[in-house]
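The block underneath contains the structure these notes are about, expressed in structure tokens.
Counting starts at 1 for both ligands and their atoms, in listed order.
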Amino acid sequence: MIARDNPAPLDGLAIGASLATLDAIAGYGGVADGALGWRDGVLAYVGPRSALPASAMAEAREVIDLGGGWITPGLVDCHTHLVFAGDRASEFEQRLKGTSYESIAKAGGGILSTVEATRAASEDELLAASLPRARALRDDGVTTLEIKSGYGLDLDNERKMLRAAHRIGGELGITVRTTFLGAHALPPEYVGRSDGYIDAVCDWLPRLHAEGLVDAVDAFCEGIGFTPAQTRRVFETARALGLPVKLHADQLSDLGGAALAAEFGGLSADHVEHTSSTGVRAMADNGTVAVLLPGAFHVLRETRLPPLDEFRAQDVPMAIATDCNPGTSPLQSLRLAMSLACTHFQLTPEEALRGATVNAARALGLQDRGVLRVGARADFVHWTISHPAELCYWLGGDLAAKVYANGTRLL
Ligand code: NIG
Ligand code: FE
């Protein structure tokens, strides 16, 4: 529990709260009356206060008595499209009158209307529009945030989005991981030439990667997106660059997306409502995480549930993310996504917390976070709750009392 090889004083020590370490195959990993110590941005003590050496308490640079509540790992939102300009409230109204997401997309609205607004915005304007959404997530406990491109759909505008995403990390003190989603929709200038557009995407990817802007590669494999063959070409380009892939897979129909992502050793297959047993098996065999996006399920009033029992039976880790985007999931709270996962998908609150921490970190290929463990990054949240299930029970509310990333207090 304590790193005994380092006698230097702790930078910080939090006491007076319970810990949900999640540092076990199952369960919250609860520690009543716990203590959490950190040094140089890394956890150096995790365990009961009673086992803390007296010298650690006496010598710590700062001791914080929390006076109750729970500490969890910092939350990880592993799937968002939160950098965009404009909004799609009018599309929301259209859908409530019965028009489907797909027919709006086919008529040139949907993603393409956000592309138009995003192309028209400068990088600074994009940052200003997106920062409040990221701040809302952080202030509700998120310390690691994935952000996709995909509303630029040309080299300069995809670059602008990825740069804005990086700046969010610096502005808010959180980790931002960027995913290139050039293959999100067909831009108007390529109508009738989708293979030519995929050529362009495969040409931009190495350039953006060389600029340090890409951590992973994603595509929208769907009837209104790109075919499995086109997705495969994007993935082959990613593989040649050593970049991990993930996929918008089997959201509206089963095109075998989850199995395709798994075949490429994908970090995750996301949405997965229509994934078949073959897809689940492939994910299990390749360690691909199922990222559940209950916000989109809720907003689109979907009824087809992901194959949850099969994921459980095959030990496919399930993560939960907001999918924060202006169309299908204008959701700015990962806790609310956890709650929706419980209500719509019948996840237990423990599965939901695991899905927003340790399994979400895995969906980003990050092994240094998502649990409270000596040696992990000192990313953690102090919540004013008396049981971890409250994180899913309350819809909204101000529960995150303190948020730390890398040992630094952000909130
Ligand atoms: O994850 N399905 C594709 N992409 C997003 C929606 C993007 C949008 O509608 O702007 C999703 O649901
Ligand atoms: Fe998405």
Side-chain angles (χ1 to χ4, degrees), residues 77-92 94-95 99-119 126 129-130 133 145-153 157-158 161 165 177-187 216-226 231 234 245-255 257-258 261 266-275 289-302 304 306 319-332 334 337 340 360 363-364:
D77 194 349
C78 64
H79 178 141
T80 85
H81 309 246
L82 72 70
V83 168
F84 61 84
D87 68 77
R88 308 235 292 274
S90 58
E91 182 186 315
F92 175 61
Q94 266 180 279
R95 283 203 314 269
T99 316
S100 75
Y101 179 69
E102 279 146 304
S103 58
I104 291 169
K106 281 182 189 144
I111 294 175
L112 290 182
S113 68
T114 300
V115 171
E116 206 179 315
T118 302
R119 285 180 171 180
L126 209 45
S130 309
R133 296 187 275 270
L145 176 61
E146 187 257 16
I147 303 176
K148 301 174 195 298
S149 68
Y151 294 124
L153 309 187
N157 284 300
E158 289 288 294
M161 286 190 71
R177 302 289 287 182
T178 47
T179 300
F180 175 61
L181 178 56
H184 193 197
L186 191 67
V217 177
D218 192 351
F220 185 27
C221 184
E222 189 61 64
I224 54 168
F226 295 93
T231 303
V234 176
V245 301
K246 35 187 51 253
L247 189 64
H248 281 73
D250 313 330
Q251 178 185 11
L252 307 168
S253 60
D254 179 15
L255 294 185
L267 291 173
S268 65
D270 303 34
H271 286 288
V272 296
E273 279 88 344
H274 291 261
T275 296
V289 176
V291 175
L292 308 178
L293 303 169
F297 180 93
H298 176 77
V299 169
L300 296 181
R301 297 194 293 163
E302 297 285 352
R304 166 86 177 223
I320 293 164
T322 59
D323 196 13
C324 178
N325 77 69
T328 63
S329 190
L331 173 54
Q332 305 186 43
L334 184 52
L340 292 172
L364 295 178

In His81, Glu146, His79, the residue satisfying side-chain hydrogen bond (donor to acceptor under 3.5 Å, both in side chains) with Thr179 is Glu146
For Gln251, the ligand 1 atoms with a heavy-atom partner under 4.0 Å come out as 2 (N), 12 (O)
Arg88 heavy atoms within 4.0 Å reach ligand 1 at atoms 8 (C), 9 (O), 10 (O)
| field | Donor-acceptor under 3.5 Å (Ser149 side chain, Leu181 main chain) | value | yes
Taken in chain and number order and not counting sequence neighbours, the residues that satisfy side-chain contact (heavy atoms from CB on, under 4.5 Å) with Glu102 are Ser100, Ile224, Leu252
Has Thr114 got any heavy atom lying under 4.0 angstrom from an atom of ligand 1?
-> no
Rounded to the nearest 0.5 Å, the CG atom of Leu340 sits from the CG atom of Leu293 at a distance of 11.0 Å
When distances are taken from atom 3 (C) of ligand 1, the protein heavy atom at minimum range is His184 NE2, 3.5 Å
To atom 1 (O) of ligand 1, the nearest of Asp323, Ile104, Thr80, Asn325 on a heavy-atom basis is Asp323
closest protein heavy atom to atom 12 (O) of ligand 1 is Thr328 OG1, 2.7 Å
Correct closest heavy-atom pair for Gly108 and Leu112 would be O-CB, 3.5 Å
- Check: Thr118 side chain, Gly152 main-chain N or O, donor-acceptor pair, under 3.5 Å: no
Checked the Fe ion (ligand 2): protein N, O or S atoms closer than 2.8 Å come out as His79 NE2, His81 NE2, His248 NE2, Asp323 OD1
Between Arg119 and Leu153 the two heavy atoms that sit nearest each other are NH2-O, 3.4 Å
Q) Would you find a donor on one side and an acceptor on the other, under 3.5 Å apart, between the side chain of Lys246 and the backbone of Asp270? A) no
Exercise. Please check if atom CD in Glu116 has more than 12 non-hydrogen atoms from other residues, nucleotides or ligands closer than 6.0 Å.
Key: no
Within 4.0 Å of some non-hydrogen atom of Tyr101, the atoms of ligand 1 are 6 (C), 7 (C), 8 (C), 9 (O)
Here the atoms of ligand 1 under 4.0 Å from any heavy atom belonging to Tyr151 are 7 (C), 8 (C), 10 (O)
When rounded to the nearest 0.5 Å, the distance separating CG of Asp77 from CG of Leu334 is 5.0 Å
